[in-house]
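Below is one structure, written out as structure tokens; comments come after it.
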Amino acid sequence: MDIRTFDTPEAVSLAVAARVAEALGARSRVVLGLPTGRTPTGAYAELRRLHRAGVASFARAMTFNLDEFAGVPPSHPGSFRTFMEAHLFSGIDLPAPHIHFLDGAAGDLDAECERYEAAIAAAGGIDLQLLGIGSNGHIGFNEPAEALVARTHRVRLAESTRRDNAALFGGDASRVPHEALSMGMGTILKAAEIVLIATGARKARCVERMVNGPVSTQLPASFLQLHRRVELFVDAAAASRLPGGGAAGEEPRSGSGGSKDPPLRDGP
Ligand code: PGA
């Protein structure tokens, strides 16, 4: 993994947005995989700004979001589809037919997962997949478990994940659905390039385990060690448990991967 460390979450957001803008400019047609969550909102705001400034165009891009709550229609205020509209889609020139989303209100959720997997394949696969990481090490809604499902699938949400998403449901975790639909780790690992964003001390422990811990279904993000082109954009707080972590540097470093050593030093 190439690790890029920045002093602040704001600096991470600018760098991620620049990375996406570069990808949009490099090819005539780009298929993006997109996350929701608090972490990418700064990058999305910067991408809207770059679009307004005429620097970034999504006119020829296609997007596939990672996941969606089950039983929640796209128009629901708590849906990830609504979140993306508010934070990104409403402020850029991405044509509506180019937006792909899992439909949490589909009658047959298993068939919906199959449809999505086929749609990604029909688009030629994902060129650049952006990811956040849950404080429990989940990616999309691939929660820590004894086994992971490779393809897009239905998933039962961890209680910690339901609590983390309470803000979308009026601050009431009991209103967060118990189930979701999510790309699988296999779907994600098929992306040509992956950019994972992590900010804040709350993510420091899972970032350290993701980079240096064993590959384990108990930390789904650790599977990214098996991908050849992963870039990790982190702020100093999220990097604080990495060896030499917390120091912002210009040059990407590589994670050692596979080491079972404990963290070399504690974060704040
Ligand atoms: P967060 O969520 O960005 O709100 O921390 C990340 C995730 O759960 O993937």
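One-based numbering, in listed order, for ligands and for the atoms of each.
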N-O pairing of Glu114 and Arg151 below 4.0 Å: yes
Is there a polar contact, in the sense of an N or O pair closer than 3.5 Å, between Thr36 and ligand 1? no
Does Phe169 have its ring centroid less than 6.0 Å away from the ring centroid of Phe69? yes
Heavy-atom donor-acceptor pair, Ser182 side chain to Gly140 backbone, under 3.5 Å: no
Just which atoms of ligand 1 are under 4.0 Å from any heavy atom in Arg202? 5 (O)
Between CG on residue Asn142 and CG on residue Leu66, distance to nearest 0.5 Å: 8.5 Å
Check the pair Phe80 / Phe141 against ring-ring contact (aromatic ring centres under 6.0 Å, His included), numbers first and verdict last. CA-CA 12 Å; Phe80 283 161; Phe141 276 140; 5.7 Å; yes
State whether Arg4 and Glu231 are salt-bridged, where the test is any N-O pair (Lys NZ or Arg NE/NH1/NH2 against Asp/Glu carboxylate O) under 4.0 Å. yes
the protein heavy atom lying closest to atom 5 (O) of ligand 1 turns out to be Lys203 NZ, 2.6 Å
Hey, would you say the Phe64 and Phe101 ring centroids sit under 6.0 Å apart? no
Using a strict 4.0 Å cut-off to heavy atoms of Gly37, name the atoms of ligand 1 that fall inside it. 3 (O), 4 (O)
Atom indices of ligand 1, in the order listed, that fall short of 4.0 Å to a heavy atom of Gly134: 7 (C), 8 (O), 9 (O)
Could you tell me whether ligand 1 has any atom less than 4.0 Å away from a heavy atom of Ile133? yes
Ranked by distance from atom 3 (O) of ligand 1, the top protein heavy atom is Thr39 OG1, 2.4 Å
What is the nearest protein non-hydrogen atom to atom 4 (O) of ligand 1, stated with its residue, atom name and distance? Arg38 N, 2.8 Å
Starting from atom 9 (O) of ligand 1, locate the nearest protein heavy atom and write down its residue, its atom name and how far away it is, to 0.1 Å. His138 NE2, 3.5 Å
